[in-house]
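Below is one structure, written out as structure tokens, with a few remarks after it.
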Amino acid sequence: MSQTLKAVRGTRDLLPPETALWNRIEATAREVFARYNFGEIRTPVFEDTLLFARGVGEETDIVSKEMYTWEDRARAQSEKAQSLTLRPENTAGVVRAYIEHKLSETGQLQKLYYIGPQFRRERPQKGRYRQFSQIGAEVIGPQTAGSESPLRDAEVLEMLATLLDELGIKGWTLELNSVGSAADRARYNEALRAALVPLAPQMCEDCQRRAVTNPLRVLDCKVPEDQPLIETLPRIADSLDEDSTRHFAAVTAALDAAGVPYTRNHRLVRGLDYYTRTTFEFTHGGLGAQNALLGGGRYDGLSEMLGGPRAPGIGFAMGEDRLVLTLLAQQDQNSAPPQLADAYIAPLGDPKDAAALGAANAKINAAALSLARELRQKNLKIELGEGSFRLKKSFEAADKTARHIVILGEDELQSGILTVKTFATGIQTKVPRAELAAFLSTPASK
Ligand code: HAM
């Protein structure tokens, strides 16, 4: 026997009915983005490896250990061998496209959203996959278009609060911080490094290493025993220059005015190198260890890092898998009813005729398909049975999938009067074919 193949570790199939929830989330996101006047961008799923090395940062976990990278060999004279990578995130791709298509020349702010798969070779666990889907958006443009304004930050955060509310996510928390300018961060790094010298030997192994290689990452440590020590470390807020401090104050003032609640998280420095000033995450307690529903922030120097013009920007990406997990957990509590079809059409043929695919069943099946077509064109959700089923089997199948069963036998075909049973009430009704669609759609019969 040949070996059965399975989805690769960290990847998964999404099946109905869960995919209906994915579609609903995406439709709601598209609606909200449209209201804020965002347009959709679709960038390729793979890019030149250099894009992520330069954009996300060589030293980050993402680039140093989590990327799916391969050498793409030249297949023709016109092609060059190249190192390619499945995108681990979409911001670098969007900024590359912004530069490549000279969008800065419009002089306008670009407000772009995306929905699609991303790939990171992380250790899989609940809420963390190697292929996952992000719904994200970026606001980027010349300074003259107001791209650097704290109002942009507040507007994006207010949009996210609206989107999460409209998705029905209950109990989210907005955690907010500022990581300042590159110079502020360099200053903070040194302050941290110095403060960690006497503390690191008492901390976990990871922290001992990070204290030397990348002190900022000590702030991500989750080891309980290290927490009291981390709380004593200097805060980045104390290393911010006047401009960054003022920028952050303006963001929070606008959020206060709009009534969007947030908490300041001094340890929120985020794991990608391009961030400047505002950084944020929306978290949810129901998610366990991977509690970030979404993350984002400002990246005022990214365009220049990728060889483009000065183009400050801010954006975010939501983990769609985590939105789904959160909504499913909420649904469990309210036990959502299963999605039923409006009707199951049961063609009454001859059970003995099944194997032969005989003419009698063929005729009644064809009539049933035509009735189903008629009803579906009137926007009804219809399940179609099989003429060889015994009536009992049709009833069993119908009871699981639909609110009504419509019996279609030779008599019904001749008379044009159909027998309909409504499962909720147990009542059987004779309905003329012309009135069937109306009968099946009235709430009284549901
Ligand atoms: P990120 O924090 O790396 O930021 O990812 C954003 C969100 O994607 C996370 O909060 C999480 O919900 C989801 N996510 C990340 N990794 C996984 C995974 N392995 N499995 C499931 N979900 C995951 C970014 O990607 C930035 N590009 C966000 C951004 C846009 N910043 C500015 N603009």
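Everything numeric here is computed off the predicted structure, so don't read it as measured data. For ligands, and for the atoms within them, numbers begin at 1 and follow the listed sequence.
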State whether [X] and [Y] are salt-bridged, where the test is any N-O pair (Lys NZ or Arg NE/NH1/NH2 against Asp/Glu carboxylate O) under 4.0 Å.
X: Glu148; Y: Arg298; result: no
X: Asp220; Y: Arg217; result: yes
X: Glu47; Y: Arg96; result: yes
X: Lys392; Y: Glu396; result: yes

Name the orientation class of the two ring planes belonging to Tyr113 and Phe33 (parallel below 30°, tilted from 30 to 60°, perpendicular beyond 60°). tilted
Within-4.5 Å side-chain heavy-atom neighbours: [X] and [Y]:
X: Phe282; Y: Leu160; answer: yes
X: Glu18; Y: Val324; answer: yes
X: Arg120; Y: Met67; answer: no

State whether the shortest distance between N or O atoms of [X] and N or O atoms of ligand 1 falls below 3.5 angstrom.
X: Ala137; result: no
X: Phe316; result: yes
X: Ile314; result: no
X: Glu138; result: yes
X: Tyr299; result: no
X: Asn90; result: no
X: Ala292; result: yes

Quick check on contacts: which atoms of ligand 1 are under 4.0 angstrom from a heavy atom of [X]?
X: Leu272; result: 3 (O)
X: Thr91; result: 26 (C), 27 (N), 29 (C), 30 (C), 31 (N), 32 (C), 33 (N)
X: Gly127; result: 20 (N), 21 (C), 22 (N)
X: Glu122; result: 16 (N), 17 (C), 18 (C), 19 (N)
X: Glu89; result: 25 (O), 26 (C), 27 (N)

Shortest protein heavy-atom distance from [atom], along with the residue and atom involved:
atom: atom 13 (C) of ligand 1; value: Gly319 CA, 3.6 Å
atom: atom 11 (C) of ligand 1; value: Arg322 NH1, 3.4 Å
atom: atom 14 (N) of ligand 1; value: Phe132 CE1, 3.5 Å
atom: atom 20 (N) of ligand 1; value: Tyr129 N, 3.0 Å
atom: atom 31 (N) of ligand 1; value: Tyr275 OH, 2.6 Å
atom: atom 5 (O) of ligand 1; value: Gln134 NE2, 3.3 Å
atom: atom 7 (C) of ligand 1; value: Ala317 O, 3.4 Å

Within 45 degrees of the ring normal and closer than 6.0 Å to the centroid, is that where the cationic atom of Lys393 sits relative to Phe389? yes
Any heavy atom of Asp321 sitting closer than 4.0 Å to ligand 1? no
Is there a heavy atom of Gly136 sitting under 4.0 angstrom from any atom of ligand 1? no
Would you kindly specify which portion of [X] sits under 4.0 Å from ligand 1, judged on non-hydrogen atoms: side chain, backbone, both or neither?
X: Arg130; answer: neither
X: Leu294; answer: backbone
X: Tyr274; answer: side chain
X: Arg270; answer: side chain

Which one of Arg270, Arg267, Arg264 satisfies the side-chain hydrogen bond (donor to acceptor under 3.5 Å, both in side chains) criterion with Asn177?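 Among the candidates, only Arg264 passes.
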Does any N or O in the side chain of [X] come within less than 3.5 Å of the main-chain N or O of [Y], such that one atom is a donor and the other an acceptor?
X: Arg376; Y: Ile382; answer: yes
X: Arg87; Y: Gly93; answer: no
X: Gln227; Y: Val223; answer: yes
X: Thr276; Y: Asp300; answer: yes

Side chain to side chain contact (heavy atoms under 4.5 Å, CB included) between Gln110 and Val139, intermediate numbers included: CA-CA 6 Å; Gln110 299 297 312; Val139 180; over 6 Å; no
Looking only at non-hydrogen atoms, the one of Arg123, Lys126, Arg120 nearest atom 15 (C) of ligand 1 is Arg120
